[in-house]
Amino acid sequence: MNKFNVVGKREPMLDALDKATGRARFTDDLSLPGMLYGKILRSPLPHAKILYVDLSGAEKATGVKAAISGKDIPKKKYGIVPMAKDEYALAIDKVRYIGDEVAAVVATSLDAAEEAISKIHVDYEELPAVFDPLEAMKPGAPIIHDEVPNNVSATIRKEFGDVEKAFAQSDFIFEDTFETQAVNHCPLEPQAALAMVDHSGKVTLWSSTQIPFFLRRNLATTLDIPESMVRIIKPKVGGGFGQKIDLYAKDFCAAFFAMKTKRPVKFVYEREEVFTSTRQRHPMHIQLKTGMKKDGTILAQQFKVVADGGAYNSTAPLMITLACFFIMLPYRIENLLFEGFHVYTNKPVGGAMRGHGIPQVRFAVEAQLDTIAEKMGIDPLDLRLKNAFQAGEPHPAKLLVQSCGFSDTLIKAAEEIGWKEKRGKLPFGRGVGLAGASFPSGVSNMSHISSGAVVKIERDGAITLLTGAADIGQGAETVISQIVAEELGVSLKEIRITAADTEITPLDPGTFGSGVTLRAGNAARIAAQVAKEKLFEAVAEKMEVEARDLEAKDHRIFVKANPEKGMSLEEAIKVYQYSDRPMPIIGRGSYQPPAKEPTTLLKEDGNFSPAYSFMTQAAEVEVDTRTGKVKVLKMVTAHDCGRAINPMLVEGQLEGSVVGGMGQALYEEVITEKGQVLNPSFLDYGIPTAMEVPPITSVEVETNDPEGPFGAKESGEGTQLSPAPAIINAIYDAIGVSFNSLPVTPERVLEALQKKDKR
Amino acid sequence: MGVGWPRNDVSQAVLKRKTFQKGKVMRDPVSKSHLWKKPCWEKYFRVKTPGEAVQILEELQGESRVIAGGTDLLARMRQEGFGVKALVDITCIPGLGEIRSEDGLIRLGAVATPKDLSQSSVLREKAFCLAQAASQIGTPQIRNLGTLGGNLCNASPAADLAPPLLIFEAKAKIAGGKGEREVPLDSFFTGPGQTVLNPSEILKEIIIPELRLDASATFLKLGRRKAADLALVSVAVLLAMDRKERTCQLIRIGLGSVAPTPIRAKQAEAFLIGRRLDDRSIQEAAQSAMRESQPISDVRASSQYRREMVGVMVERAIRKCLEQLEGKDV
C-alpha cells in the first residue's frame, strides 16, 4: 500500500496541457523587440584549411547588421568535458567535417540572413580526409587535430582479476566482432538560442539546453567574459536525449552578436543542421572475447572498443569510460580487460545520447550471450540468471551496489513475454529474446555535481520551489514538485515551481547521466524539510509539544501519535508569523552524491554512482521472410527504478526508450558518404512512428534505495540499453540468424536468409 | 502543386544544400514575415474558373505555377531556392474538389484531398483501393492539404495514387487555351517530375469507371515504416476471373516507385490473362512484373531489393484479390 499522498501517484505532467494545446513556449516561440535573425555558414568540405573568409558581400547585403568568421571571435576552445576541449564556436584554422561552422551573419529577417550567407566567399585548401576510425588510427592517416597526431583523443584501459589466467582456465572461448551505427537523437525541437544584452553588458540567453549552468560556464569562457555576466534561462525544451548538453555555435553566435549589435539575436537550427552539425551516437567497432566455464559461469571478458568520434571530442573521455564501467554490471565478471579508444574522423560529431556509450557495447555482450547459450546448450535466461549480480556482493571494481533487482527483472520480463512457452518453440519466423542492463543514477566523483533547491512557504499556504533542475520534457519539474508536496503534506497544485534560470534558481548540473530525480529531488526534499522544521518549531511551541513529534499531511500539522491534535497549515503559518520569527519561511537544501570510495574515474577503482538501476527488456518479433521486414509484436521492460515517484512518467520514460531502442535495432542510421550525411531529414532518416510501436508492458520492480528521495532511482535512460539486443536476440530465435551489426534492415534480413538457404 | 514528396529520382541528399553553398536566392516580395521566408512569388492569384487559371498561365508564359495544396511545390521552392512570377491557386474553383459518380463513371476533382478520397463513400463503395492508397499518403497534415491533382502532376514515380488509378485505366481531363482534352493516365506521365501538361494547362478531373461487380482490386504499399513514408514499392492489382475454371479474365497491375514513372506491368498482365490462377502462374506473373520494373538505388533501398519486392508485392496483391473474389458472392 502506498503510504504516501503525492509520491507514487500517477499525476499528469504539470505542463502537459500547455504542451498539448500549443501554449507552451519553446525558445523559437520567443521574440524580443528589434530582434535580429542569425544564420551560420557551414563547411561543404570534410577537411580543409581555411585560407580566407571574405565577409564583404554579406556585410553589404540588405538588412544585414553584422557578419563574423572564426578570426573575429576570442580564441577560446570549448568542450563539455574540461579536459577534452577541442572546438571553437566558429572554425578558426580549418574545418574538420561537412557542416563545421565557418561564419555567421545576423540580419533584420531570416530571409536576409540566408541571402547574406550565400554571399560569403571562403577560400579553402582541401586536405586529405579520413572517414573510418580504424583507418584513422593507422600511422600516416590524415591528422585531424594537430595536438592528437594519432587521432586517438581518449582512451581507457581497465583490468581486474587475471584475464589471461581466466581464459586459460575457460572451457570455452568465444570471440566476435560487432559494429553499431550512427544514430541521431531527433529531438522534435531543433536547437535554438535567443540572446539579449542589458545596459550593464550582461548577456541573457534563452536556450534549448539540458544544462543551463554548464552552458553558462562554457558560454562565458568562449565569450571571454566573467561567468557572472551570463544568465541562462531554459524555456520549455522539446527533448534532448543528450544532444543538448553541448554548447553549440548558435549559443555563442546569438550572444556574441547581441553583444556586438546591442540588439536581441535569435538562431534556430534547421532539421538538416540537427542531423549534420550537432551530435550523434558514436558508431562503435567492438571486439569481444568471452571465456566460459562448462557450468555457464562467465569467467572472463575482454573488450577492444573503437568509437568513431567524428571531428571533435564532445564527451569523448566520459563516453568511453561509461562504456567500460557499465559492462562491469549487471553480470558478475571476475576477470575483465577493457580497452577503449575514441578516434577522430572527418564526420559528424559523436556525443552523449541516451545510454551514452553503453548501448553499443551492451548490444555486443547481450547478442553474444545468446549465441554462447545456443552453442553451450543453455537457456539464455538461465545463463543470465546464473551470472546476475546481486545486491551487497563485493564488486571486483569496487562499485557499491546497495540495491539490485536484476534477477527479479529477468524473471518477470521472461514471464511476461511467455519465455517458457515460446523460446525456441514458435514457428519459423517468430521468436522471443531478452537482454539485461544496468545504469547509474547520476555520477559520483565528477566536478560540478551538487544540486541546490529553495523552498518557501508562502503566507497563503502555497509553496514556492526554486530548482535548477532542467526539465526537457521528461517531467523533472513534476517529479520534484511531487517530492516537495509529499514532504510538506500539501497537494501538488499548491507547488509553484520556478526552474532552471541561472540567475534565480540554485546551482544544478542539469539533465544528464540520469541523476535529476536523485540529485535535484534530494536537494528539494532537504529544502522542504528545513522549511518544515522551522514551521514545526513555532507550532510545537504553541501546542506545547516536541517538534519531532509533529507531522505534516493533508494540509495539516498534527501530533503523530494523536492526529486529532493539530492545526491547518494556514493556522500554522499564522502561528509562525505571530511568534516573532523571521519571515519568510525559507528552507535551503543542497545535495551532493556521496563519494564513499573516491575514484579518479579513469585510473582507480571505486564507486561510480550513488545508486544503480537494473533492467531487462524482452521482445517478441515476427519476421516477414519474403520482405525481410521485422515486426516487433510485443516489448516488455522490467525496470528496477527504486520507488517510482510518478509511475505514469516512469512508464512514459520506459516506453520512449523502448521505441528509441527499436529505432536503433531496426530503422535508424545516419548514413554518410565521404563525410556527407545522405539522409538528413525525418523522411529519409526514418525513425519509427507510433504505427510501429508494439504493445509495451512495463513491469516495475520496485526496490527502495537508501540514497534516492523516497527510494527513487534512475528510470528511462537505462532502458534504452537493451531493447536493441532483445530484438536482435528475438530475431535470432525467429530465423536462426544472429546479427552482429545494426540496424537490421529488411534488406539485410533477406540477404541473411538467402545466405542461410544456400548453406 | 501537390502532395508533398521529394521526387524519387533525386535523392534529397544529392540536392545541393543552400546552407552549405552559394546559391541563387530570390527575395520574397509578398511576405515580410520572418516566419515565411522563401518560397517566393510576385503575385498570387486565387482563380474562380479553370478558364481564368489558363488565361493567367498563358499570359505569364511558363513563369507561373499552379498551386493547390502546396505541400510539394512550396517545399521544393524552398529547398531548391527558386521563385516564380505568379502562383495560380485553383483550390477555390467551384466543384473542382468534388467526387461524384454518374453513369458508371467516377469523377474525381483535381483538388480533392487524399483525406477526401480516403473518406469518400463513393470510392469506398466503388473503388476502395483508391481510398486505401489515399489513406496511406504521407501524414494527416499532408492528407488534409495535398490534392489528387498535385500527387499526379508532381509526377513522382512514388505517387501513391497513380498505381490504383492506372489499374482503373483512368483518364485525365485537362483544360488549356484550346479547350479541353482527355489523356489516358497511362500516357500522362512522361518522366520523373514530367507530364504531358504544357505550362498553360491544368489538370481538371480524373475519370475512372466503377469497379466491375465481378472484379476485385487492391493496393499494397511497402515502405520502411507504416506511416509518413515514401513507398519503396507500391502495387495495385485489379482482377476478375472465371469462377468455374479459375482462369484470369481481367488483370491489371500498376506499379509505383520502381520506374521513372508509375507503370503498368503489361507483360505480366498478358502472361496471366486466360491462364488458370494457381501458385505457379501467379509466381510467374510476379517474376514478369519484376523484369518489367527498373528501380533505382537510393538512401532508402537498393534497386535489387526494390526489384525483388516487386515480385513479392505483386504476388501478394494478386492473392489478396483472389481472396476477396472468393469471399464475394456474385
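Each chain gets a letter, A, B and so on, in the order its sequence line appears, and its residues count up from 1.
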Contact class of A/Asp100 relative to chain B, heavy atoms under 4.5 angstrom: neither
Over 12 non-hydrogen atoms of neighbours within 6.0 angstrom of NZ in A/Lys756: yes
Closest non-hydrogen atom pair, A/Glu747 against B/Ser302: OE1-OG, 2.6 Å
Derivation of the side-chain contact (heavy atoms from CB on, under 4.5 Å) call for B/Arg225 and A/Lys629: CA-CA 9 Å; B/Arg225 50 187 186 186; A/Lys629 286 186 83 165; over 6 Å; no
Flag if over 12 foreign heavy atoms under 6.0 Å of NZ, A/Lys634: yes
B/Gln304 side chain to A/Glu751 side chain, donor-acceptor N/O pair below 3.5 angstrom: no
Heavy-atom closest pair, residues B/Arg224 and A/Leu683: NH2-O, 2.7 Å
Proximal component of A/Tyr667, with respect to chain B [non-hydrogen, under 4.5 Å]: side chain
Residue, of A/Ile671, A/Thr689, A/Thr627, that accumulates the most heavy atom pairs under 4.5 Å with chain B: A/Thr627
B/Lys226 (side chain) donor-acceptor with A/Met691 (main chain) under 3.5 angstrom: yes
Chain B contact via A/Ile687 - which portion, at a heavy-atom distance below 4.5 Å: both
Verdict with reasoning, B/Arg316 to A/Arg626, per side-chain contact (heavy atoms from CB on, under 4.5 Å): CA-CA 10 Å; B/Arg316 284 184 179 177; A/Arg626 301 281 314 274; 3.3 Å; yes
A/Gln754 and B/Glu308: CA distance, side-chain angles, deciding distance, side-chain contact (heavy atoms from CB on, under 4.5 Å) verdict: CA-CA 12 Å; A/Gln754 283 161 0; B/Glu308 263 182 75; 2.9 Å; yes
Stepwise side-chain contact (heavy atoms from CB on, under 4.5 Å) test for A/Glu673 and B/Val299: CA-CA 11 Å; A/Glu673 193 181 299; B/Val299 74; over 6 Å; no
Rounded distance (nearest 0.5 Å) linking atom CG of A/Asp684 with atom CG of B/Asp298: 7.5 Å
Electrostatic pair A/Glu114-B/Arg78, nearest N-O below 4.0 angstrom: yes
Toward chain A, the part of B/Glu315 with a non-hydrogen atom under 4.5 Å: side chain
